[in-house]
Colleague: 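Have a look at this one before I ask anything.
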Protein chains: 4
Amino acid sequence: MVSRVERKRGQRIEQILTVAAEMFGERGFDAVSLEDVAERLDVSKGSLYYYFASKDELGTAAIETLGDDWTARLEQLPAAHEGTPAQRLRALLREHIRIAVREYPAALRLFLVPRDWPDAQQARIKALRRRHDQLFRTVVDEGVATGEFTVTGVDTVLQCMHAAMSQAPVWCAGKRGAALDSAIAELADTLMMLVGELPPHRAPR
Amino acid sequence: MVSRVERKRGQRIEQILTVAAEMFGERGFDAVSLEDVAERLDVSKGSLYYYFASKDELGTAAIETLGDDWTARLEQLPAAHEGTPAQRLRALLREHIRIAVREYPAALRLFLVPRDWPDAQQARIKALRRRHDQLFRTVVDEGVATGEFTVTGVDTVLQCMHAAMSQAPVWCAGKRGAALDSAIAELADTLMMLVGELPPHRAPR
Amino acid sequence: MVSRVERKRGQRIEQILTVAAEMFGERGFDAVSLEDVAERLDVSKGSLYYYFASKDELGTAAIETLGDDWTARLEQLPAAHEGTPAQRLRALLREHIRIAVREYPAALRLFLVPRDWPDAQQARIKALRRRHDQLFRTVVDEGVATGEFTVTGVDTVLQCMHAAMSQAPVWCAGKRGAALDSAIAELADTLMMLVGELPPHRAPR
Amino acid sequence: MVSRVERKRGQRIEQILTVAAEMFGERGFDAVSLEDVAERLDVSKGSLYYYFASKDELGTAAIETLGDDWTARLEQLPAAHEGTPAQRLRALLREHIRIAVREYPAALRLFLVPRDWPDAQQARIKALRRRHDQLFRTVVDEGVATGEFTVTGVDTVLQCMHAAMSQAPVWCAGKRGAALDSAIAELADTLMMLVGELPPHRAPR
DNA sequence: TATGAATGAGGCTTCATTCAT
DNA sequence: CATGAATGAAGCCTCATTCAT
């Protein structure tokens with residue numbers, strides 16, 4: 001059982017992490033100063049050091065939190081567990097893009113742009129990526145096993161999917177409402193083609 | 001008619017741009033200081049300001065040079081003008097990836113990571129992207145027109161291609177020789193699927 | 001009569017002072033943060049402020065404690081009260097060096113490096129030095145009075161002795177066991193020469 | 001042949017070094033900020049980094065300059081090369097103390113207080129000390145060889161001499177004119193006793 | 001043209017100190 | 001009594017930019 005004090009500390013950290021992840025994601029790790037983060041939190045710069053030993057550590061923790069949340073939401077998506085591999089993969093793709101576009105405007109950059117993190121943090125980030133990747137890999141593997149999917153190579157396909165999804169927020173930057181939904185759907189459909197699934201709304205040849 | 005002096009100036013600028021593009025590409029715009037660039041050129045930092053008004057301007061110009069070279073090489077690729085749209089597209093993809101991986105290890109970061117360039121530079125970069133994009137778009141459009149390609153939407157497909165190709169240097173970071181060639185080929189094949197082309201080395205079902 | 005509470009407070013203070021003196025002595029006043037001290041005491045940083053008004057005050061008190069202990073040990077040394085002035089002085093020197101080298105590795109730095117303490121603390125430290133100095137002065141004075149010692153000037157001789165002894169921990173940094181004992185003895189013998197006592201193990205000319 | 005530009009640069013460096021050595025010596029390396037040094041030089045903090053890569057490097061260079069000057073002056077002292085070992089040693093001691101007291105008020109602290117310099121600088125400082133030490137060692141060795149000096153051990157004697165001389169500026173802090181000269185002479189005489197030389201102004205027993 | 005020198009703003013980090021609980 | 005939290009000043013360092021020569 002956690003004491004009230006510990007709970008409060010946890011909340012504070014979470015709050016910092018949320019804001020930091022958002023800012024790092026939007027403007028890039030290097031472009032965001034701790035002063036910026038502190039100001040947005042309405043806190044002194046020094047206070048951040050009470051919770052995090054360095055900017056690097058804050059950055060890693062932010063990525064980790066963001067990645068954990070993200071992965072958890074995908075894992076808990078009901079549609080990811082029902083139906084054919086194609087249906088499940090499409091559901092995962094859509095949800096992933098939706099989260100990227102709607103909640104973490106440009107946060108995926110944190111995963112894609114390789115920064116020379118200190119070793120300690122390198123490992124944590126890798127573990128995170130692996131877990132996240134596994135979600136998609138499982139479904140693709142299954143589709144390949146059943147013969148439903150045709151792929152060049154699972155690794156390559158997954159990489160392409162993630163690379164494309166990471167850019168989604170940039171592409172969708174201006175879109176709202178139905179246009180946004182439609183863009184998301186189209187992107188998911190496009191990526192389904194990487195496993196050999198032709199777009200559903202077009203008649204097969 | 002250009003004087004000898006102007007010609008020399010042009011050469012100097014070109015030399016600076018080449019080095020700068022390389023360095024920005026490798027380590028990222030922010031991580032490279034003008035001191036670094038000057039040192040590699042064996043020139044004083046102040047001299048750079050004689051040719052470029054600011055670091056931003058040098059950055060934009062470098063990107064432009066790099067992008068121009070890149071696009072020119074793709075445009076001049078013989079295979080890009082012969083054969084079916086599929087053959088031409090595959091040739092373009094392979095060459096593009098090859099350049100990215102072999103010559104500009106991380107240069108694409110410059111295009112993908114949106115930096116808040118001043119407006120003046122923003123425009124130049126956009127124009128560059130458009131010209132580069134047009135190369136691929138033409139081929140895809142043609143394939144769609146002939147019915148050879150099946151796509152969800154040309155824009156989306158092109159975006160996915162570029163996003164994936166931009167990450168290629170990261171994925172191929174450790175590979176050498178045959179393994180590298182094979183990885184490049186597989187990536188190109190994978191991206192061909194985005195236009196409905198199944199991998200060539202697999203028998204269609 | 002002191003209450004149980006006051007006694008406990010006294011013990012707490014003594015404990016803090018012991019640890020602080022040790023740490024300041026080893027690494028220097030400036031290099032030790034209150035965080036460091038608190039951590040070693042397994043206490044919160046804020047708690048230290050309950051006992052000491054400032055770091056300076058803690059520093060002075062620590063020096064005082066250390067100095068008091070040191071002086072007390074020299075005062076209680078039996079050999080310091082028996083035999084000829086030469087025997088007593090040599091005993092004092094040896095014990096002083098032994099304490100410096102063995103127990104307060106770099107503590108003398110606290111006395112030698114003049115820090116700009118606030119006036120209040122300046123006085124306390126001066127008083128401490130005087131009491132400590134008096135021990136040696138008494139013996140030297142007596143030796144001079146009996147004609148046993150030949151000195152240029154008592155003040156100067158004492159200063160030289162203390163300066164040399166303060167550096168002893170540095171010189172003996174690597175030595176252990178017999179080598180250490182021998183170094184200590186030689187240093188004491190050397191300093192005895194400042195009062196005209198030739199080394200005992202050499203035959204007088 | 002050095003160009004005018006190089007000469008100017010050298011002068012600037014020397015000027016910085018002189019001021020820095022003085023300040024570090026007076027108040028201690030840690031207690032002096034680069035801001036302090038810059039201000040005294042009427043220069044911006046950043047400028048110091050144009051000449052020295054870090055505060056540590058500035059510190060080492062300052063020590064080195066100071067030590068070089070000091071040693072050179074002792075080496076060139078005519079009295080250090082004439083007469084008996086006793087006369088030469090006394091001349092060295094007096095000049096050394098004179099320099100310490102008059103020109104580098106508390107600079108010797110830089111040599112005595114062991115700071116954890118980076119390895120690169122550690123070596124340079126050691127070399128400096130050795131050269132400086134050699135001056136005194138030569139004379140003492142010679143006096144011992146001729147039987148003129150009686151010592152416990154040359155190393156120990158030299159260490160005591162230097163330790164004592166380093167504190168001299170502190171002891172002489174308030175003295176001026178004749179009182180200062182007399183104090184210096186007495187200190188030198190006192191240290192001569194470490195090699196068995198009784199004070200000259202006292203009748204031998 | 002070219003450069004050595006200088007600068008100032010801004011970034012990361014440490015730490016003594018304060019305070020509400 | 002004790003502490004967790006917060007703060008702000010100060011320190012070191014980097015770097016784009018300017019300028020006299």
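Per chain, numbering begins at 1; letters A, B, ... match sequence-line order.
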Colleague: If you only use heavy atoms from C-beta on, which nucleotide in E/dA16, F/dA16, F/dG4 is closest to the side chain of B/K45?
Modeller: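 The answer is F/dA16.
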Colleague: Is a side-chain N or O of B/K55 found less than 3.5 angstrom from the main chain of B/F29, in a donor-acceptor match?
Modeller: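 The answer is yes, because a donor-acceptor pair under 3.5 Å joins these two groups.
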Colleague: For A/K55 and for D/K8, find the nucleotide of DNA chain E with the closest heavy atom, then tell me which residue's nucleotide is more 5'.
Modeller: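 Per heavy-atom nearest nucleotide, the more 5' residue is D/K8.
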Colleague: Tell me whether the side-chain N/O atoms of C/Y49 come closer than 4.0 Å to OP1 or OP2 in E/dT17.
Modeller: yes
Colleague: Select from A/V43 and B/A31 the residue whose nearest nucleotide in DNA chain F is closer to the 5' end of that strand.
Modeller: A/V43
Colleague: Could you tell me which nucleotide pairs with E/dA2 by Watson-Crick or G-U wobble geometry, both distances under 3.5 Å, or answer none if nothing does?
Modeller: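 Matched E/dA2 with F/dT21 under the 3.5 Å cut-off.
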Colleague: What is the distance, to the nearest angstrom, from the CD atom on D/E57 to the C1' atom on F/dC12?
Modeller: 14 Å
Colleague: D/S44 has a side chain; which of E/dT7, F/dC1, F/dG4 sits nearest to it?
Modeller: E/dT7
Colleague: Expressed as a whole number of angstroms, how long is the span from A/E39:CD to E/dG10:P?
Modeller: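 In whole Å, E/dG10 P and A/E39 CD are 12 Å from each other.
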Colleague: Closest heavy-atom contact between C/F52 and C/A61?
Modeller: CE2-CB, 3.8 Å
Colleague: Separation of B/D42 atom CG from E/dT1 atom P, in whole Å?
Modeller: 19 Å
Colleague: Partner of F/dG11 by Watson-Crick or G-U wobble geometry, both contacts under 3.5 Å, or none?
Modeller: E/dC12
Colleague: Identify, between B/A53 and D/D36, the residue whose nearest nucleotide on DNA chain F lies closer to the 5' end.
Modeller: D/D36
Colleague: Could you check how far CD1 of B/I13 sits from P of E/dA2, rounded to whole Å?
Modeller: 11 Å
Colleague: Provide, to the nearest angstrom, the distance between the CG atom belonging to C/L34 and the P atom belonging to F/dA2.
Modeller: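 It is 16 Å, rounded to the nearest whole Å.
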Colleague: Could you give the OH-to-C1' distance, from D/Y50 to F/dT17, as a whole number of Å?
Modeller: 14 Å
Colleague: Counting only N and O atoms by type, is there a donor-acceptor contact under 3.5 Å from the side chain of C/D36 to the main-chain atoms of C/S33?
Modeller: yes
Colleague: Of the listed nucleotides (E/dC15, F/dG4, E/dC12), which one gets closest to any side-chain atom of C/S33?
Modeller: E/dC15
Colleague: Over all strands shown, is D/F52 touching base, sugar-phosphate only, or nothing at heavy-atom distances under 4.0 angstrom?
Modeller: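 Result for D/F52 = nothing.
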Colleague: Expressed in angstrom and rounded to an integer, what is the separation of B/L41 atom CG from E/dA2 atom C1'?
Modeller: 14 Å
Colleague: D/S54 side chain: which of F/dC13, E/dA5, F/dA5 is closest?
Modeller: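 Within the option list, the nearest is F/dC13.
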Colleague: Take C/Q15 and C/R12 through the test side chain to side chain donor-acceptor pair (under 3.5 Å) and record every step on the way to the result.
Modeller: CA-CA 5 Å; C/Q15 183 196 5; C/R12 199 91 180 87; 2.6 Å; yes
Colleague: For the side chain of B/S47 and the backbone of B/V43, is there at least one donor-acceptor N/O pair under 3.5 Å apart?
Modeller: no
Colleague: OP1, OP2 of E/dA6 versus side-chain N and O of D/R12: anything below 4.0 Å?
Modeller: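 The answer is yes; a side-chain N or O of D/R12 sits under 4.0 Å from OP1 or OP2.
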Colleague: Taking side chain as C-beta onward, heavy atoms only, is A/I16 less than 4.5 Å from A/Y51?
Modeller: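 They are in side-chain contact.
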Colleague: Under 4.0 Å between a side-chain N/O of D/S47 and OP1 or OP2 of E/dA6, yes or no?
Modeller: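 No, no such contact exists.
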Colleague: Whole angstrom is fine here: how far is it from CD in A/E35 over to P in F/dA9?
Modeller: 12 Å
Colleague: Counting only Watson-Crick pairs (N1-N3 plus N6-O4 or O6-N4) and G-U wobbles (N1-O2, O6-N3), all under 3.5 Å, who is the partner of E/dT7?
Modeller: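 The base-pairing partner of E/dT7, which may sit in any strand shown, is F/dA16.
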